[in-house]
Structure formats: C-alpha cells, structure tokens
Amino acid sequence: MNNAVHGYNHWGDGMESYAYNTFFTLDEARDLAQKTLEQCRARSMRTSQELCFSHGTRLQLAGMTATLNYKPNYDPNKLHVTVSGAERLSNLTETQCHYWGHGIDQTMIDDLIAVVSVEQALCQIAQFVDVESMVIALDWATCRNEHLKQTTKDKISLFLTDIGRFPGIRLFRKALSLCRENTDSPQESILRLESVKRGLPELEVNAPIYLPLQNKEVIVDMVYPNDHVILEYDGRYHYDRNRWEGDIEKRNNLSFAGYKTFPATRRTFATTQNLDEYFRIVGSAIAEYRNTGSFSQ
C-alpha cells in the first residue's frame, strides 16, 4: 500500500493559499456574465475595429467566476480579444490583443459582440495558466449544472484534434486527462488534484451509493470507492437550514451503510497547512478501512 494512505505525502511548494478556488453560484455566474457583456459592448462601441473576445473574457461571458492563477504576461483585469493576423495587433486601452494562428472559431452572442468558441478559449488560456487552473477551467466548462455547462470532453478533444499544435498544448493535454466531467465546483476539482498529488487513490466523481435504510441511491461529490471514504465540499448554499438538515440525514445514512464522510469548507482551502491536515485525516481513514474493513465510532 502507498505510504500516503498511512498519512500523506507532504507537497512542499510553498503555496500559502489557493486563490483560484472560488466557489460560484448560478446568480454569481449570471452577474459576472452580464457585467462582462456590458464591458465588452462599451469597448466595442469605442473603436471602429471589429473585436472578437476570447481567452478568459470569453469564459467570463459564459459565466465562469472561478479565479484562475494566471501568469504575469496575462492581465485578468483587461478584456482579451483575438485577431486573425499579427499585423492587426493593436494597443487598445484596457484590452489585451492576441494573435491566434489556427483560425478564429467565431460566433455572435448579440448584435455587437463576437466571441470565439468556448473550446477555443480554453485552448487559448493554456499558455497563461498552471495545470491546476487549467483543470478548474475544463471542469467548469464541462460541469454538471445544466445552466453553466458549456461543452463536453468529447467536443474539446475533437477541437484539439482539428487545430493541431498551439502554445501550451502539453499542459492542456495533461489537464484534459485530469479533467472530470459533471463536477460541481472548483473546490471539488482541487480536492481531487490534491488527492492525486499525495498519492491517494483515484476519486470517483458524483458517484451513486445505495442506502439500505432508505432503500435508495444518493449521489456523493467524490468517493474512494474501494475504501468507503467520501469527500464533499460544503459551500455557502449549505448554510440553508433545510439543506443542512438534509446533509446531516444523508451522512448519518451513509455512516450506517459503512461510509465515512469528510466535509471540506472554505477554511480547508485557506492555507496549505489546512489542506495538509485535512488529507492526513482522510489518509488515516483509508488506512483504517483497509486494515479493518470498517471504521471505529
């Protein structure tokens, strides 16, 4: 058994926090999309040049509120546009222009605003982010929420095949292999990635588990299926009393079915030390189940 199961493999990268792990609600996503749309319209009306919004701006127009860890050569406070030729690069105020040599997959989202496809925008940001951020973006684009889901892994893979090589393609392919479709939040993505870094088993996303007392299946955020350990993220929406009581009932029934649940909160992601402690507890529970086939009360 991997030594990480007995505790954890310390991940010493010096990071103090995880600023890109922003939980989002549907209302927040809609608000961001509307705000970005207004900014794009204002920018388009101040120039005679035809603008095609791309990169992170395109993702924000679709409602992506998760904050990514961009590199210094990408300014997340600016609007980003793509041009079809290097000679068309210009210094528009509050705008960062990019040349994309694989053709522009352009559509109109209203009478004035042109955008690249979500698949192209995802590929475009690959050279400006780290692997974790790329996985978050891919997980978001393929998330479970029908109002937020933009694409599928199959569509992204097909787009990738059609355009060939581009800056950041190696990182993008690695992130796509780590992407899991139908996730619920960036925090779930981070828990999954942190688990892998510590040598823990593969987490199954949105897994059905049978509850014998209620004679029904419930869906859990993430589970180590062979070790009966469940990880769930409690976001702000969990503060609703009905949801809180429902979660307690579900976790009690999961305990009766032989599963142990470990909720993660915003505090879990506040520092590297907090994440280390969380996974030390998770690793100990996995080791206990493998050694005894059950959990102590």
Taking NZ, NE, NH1 and NH2 as the nitrogens, is one of them in E194 or K197 under 4.0 Å from a carboxylate oxygen of the other?
-> yes
Hey, could you give me the CD/CD distance between Q34 and Q39, rounded to the nearest 0.5 Å?
-> 10.5 Å
Between atom OG of S44 and atom CG of D110, what is the distance when rounded to the nearest 0.5 Å?
-> 8.5 Å
Which of these passes side-chain contact (heavy atoms from CB on, under 4.5 Å) with R180: E188, M222, E202?
-> E202
Identify the two heavy atoms, one from P201 and one from R290, that lie closest to each other, and give their separation to 0.1 Å.
-> CG-NH2, 3.3 Å
Q60 side-chain N/O to L79 backbone N/O, donor-acceptor pair under 3.5 Å | no
Closest non-hydrogen contact found for F269 with A264 is CE1-CB, 4.3 Å
Side chain proximity check, S133 to Y70, heavy atoms < 4.5 angstrom = no
R43 versus V81: any side-chain heavy-atom pair under 4.5 Å?
-> no
Return yes if some donor-acceptor pair links the side-chain N/O of S195 with the main-chain N/O of L191 below 3.5 Å, else return no.
-> no
Evaluate the side-chain proximity of W140 to L68: yes if any heavy-atom separation is below 4.5 Å, no if none is.
-> no
Linking I/L/V/M/F/W/Y whenever their side-chain heavy atoms sit closer than 4.5 Å, directly or via other members, would L231 and I190 fall into one cluster?
-> yes
Does the side-chain contact (heavy atoms from CB on, under 4.5 Å) test come out yes or no for Y210 and V218, once each step is laid out?
-> CA-CA 7 Å; Y210 176 70; V218 294; over 6 Å; no
Are the side chains of T107 and V115 in touch, meaning some heavy atoms are under 4.5 Å apart?
-> yes
What do you reckon, is CZ of R173 surrounded by more than 12 foreign heavy atoms closer than 6.0 Å?
-> no
With side chains defined as the heavy atoms from C-beta onward, is the minimum distance between L178 and E132 less than 4.5 Å?
-> no
Test log, rule side-chain contact (heavy atoms from CB on, under 4.5 Å), inputs D184 and N206 | CA-CA 9 Å; D184 289 318; N206 291 319; 3.4 Å; yes
Could you tell me whether M108 atom CE has more than 12 heavy atoms of other residues or ligands within 6.0 Å of it?
-> yes
Measure the spacing between CG of L171 and CE of M134 and express it to the nearest 0.5 Å.
-> 7.5 Å
Determine, using the 4.5 Å side-chain heavy-atom cutoff (strictly less than), whether Y278 and I230 are members of one ILVMFWY cluster.
-> no
Taking every heavy atom of C40 against every heavy atom of T57, the minimum-distance pair comes out as SG-CG2, 3.8 Å
Say whether M45 and L51 are linked into one hydrophobic cluster, either directly or through other cluster members, by side-chain heavy-atom distances under 4.5 angstrom.
-> yes
To the nearest 0.5 Å, what is the distance between CG (L211) and CG (N253)?
-> 5.0 Å
Step by step, would you call T142 with I156 a side-chain contact (heavy atoms from CB on, under 4.5 Å)?
-> CA-CA 10 Å; T142 61; I156 295 171; 4.0 Å; yes
Is the side chain of K260 donor-acceptor paired with the backbone N or O of A285 at a distance under 3.5 Å, no angle test?
-> no
Between D111 and R41, does at least one N-O distance fall below 4.0 Å, as a salt bridge requires?
-> yes
Output yes when a side-chain donor or acceptor of R267 lies under 3.5 Å from a complementary backbone atom of N274, and no otherwise.
-> no
Short side-chain to backbone donor-acceptor contact, Q150 and L148, under 3.5 Å | yes
Ring centers of F128, H80 separated by less than 6.0 Å | no
Side-chain touch N182/K149, heavy atoms, less than 4.5 angstrom = yes
Minimal heavy-atom distance between N73 and Q96, with the atoms involved, is O-NE2, 3.0 Å
Within the side chain of H102, is there an N or O that forms a donor-acceptor pair under 3.5 Å with the backbone of R165?
-> yes
Ignoring hydrogens and angles, write down the donor-acceptor pairs under 3.5 Å from the side chains of residues 116-127, residues two or more places apart or on other chains.
from: S117; atom 1: OG; to: D105; atom 2: OD2; distance (Å): 2.8
from: S117; atom 1: OG; to: Q120; atom 2: N; distance (Å): 3.1
from: E119; atom 1: OE2; to: T151; atom 2: OG1; distance (Å): 2.6
from: Q120; atom 1: OE1; to: D105; atom 2: N; distance (Å): 2.8
from: Q124; atom 1: OE1; to: H55; atom 2: N; distance (Å): 3.1
from: Q124; atom 1: OE1; to: H55; atom 2: ND1; distance (Å): 3.3
from: Q124; atom 1: NE2; to: T82; atom 2: OG1; distance (Å): 2.9

Quick one: pull up CD1 in I109 and CZ in R58 and give me the separation to the nearest 0.5 Å.
-> 6.5 Å
Is Y259 linked to Y289 within one hydrophobic cluster, defined over Ile, Leu, Val, Met, Phe, Trp and Tyr using a side-chain heavy-atom separation of less than 4.5 Å?
-> no
For the residue pair A66 and P186, what are the closest heavy atoms and their distance?
-> CB-CG, 3.6 Å
Of D221, D139, T183, which is the lone residue that meets side chain to side chain donor-acceptor pair (under 3.5 Å) with R192?
-> D139
Distance, nearest 0.5 Å, that separates OG1 of T152 from CD of E181 | 5.5 Å
Closest approach of K250 and I219, non-hydrogen atoms and distance?
-> NZ-O, 3.5 Å
Does some side-chain heavy atom of V229 sit less than 4.5 Å from a side-chain heavy atom of F295?
-> yes
Pair listing, ring-ring contact (aromatic ring centres under 6.0 Å, His included) test, anchored in residues 169-199, at least two apart | F166-F172
Going through the checks in order, is the side-chain contact (heavy atoms from CB on, under 4.5 Å) test met by T268 and F262?
-> CA-CA 11 Å; T268 308; F262 293 95; over 6 Å; no
Establish whether Y233 and V205 are linked, either directly or via other cluster members, by ILVMFWY side-chain heavy-atom contacts under 4.5 Å.
-> yes
Do any N or O atoms from the side chain of E288 and from the backbone of S296 form a donor-acceptor pair under 3.5 angstrom?
-> yes
Decide yes or no for T36 and L32: does some side-chain heavy atom of the first lie under 4.5 Å from some side-chain heavy atom of the second?
-> yes
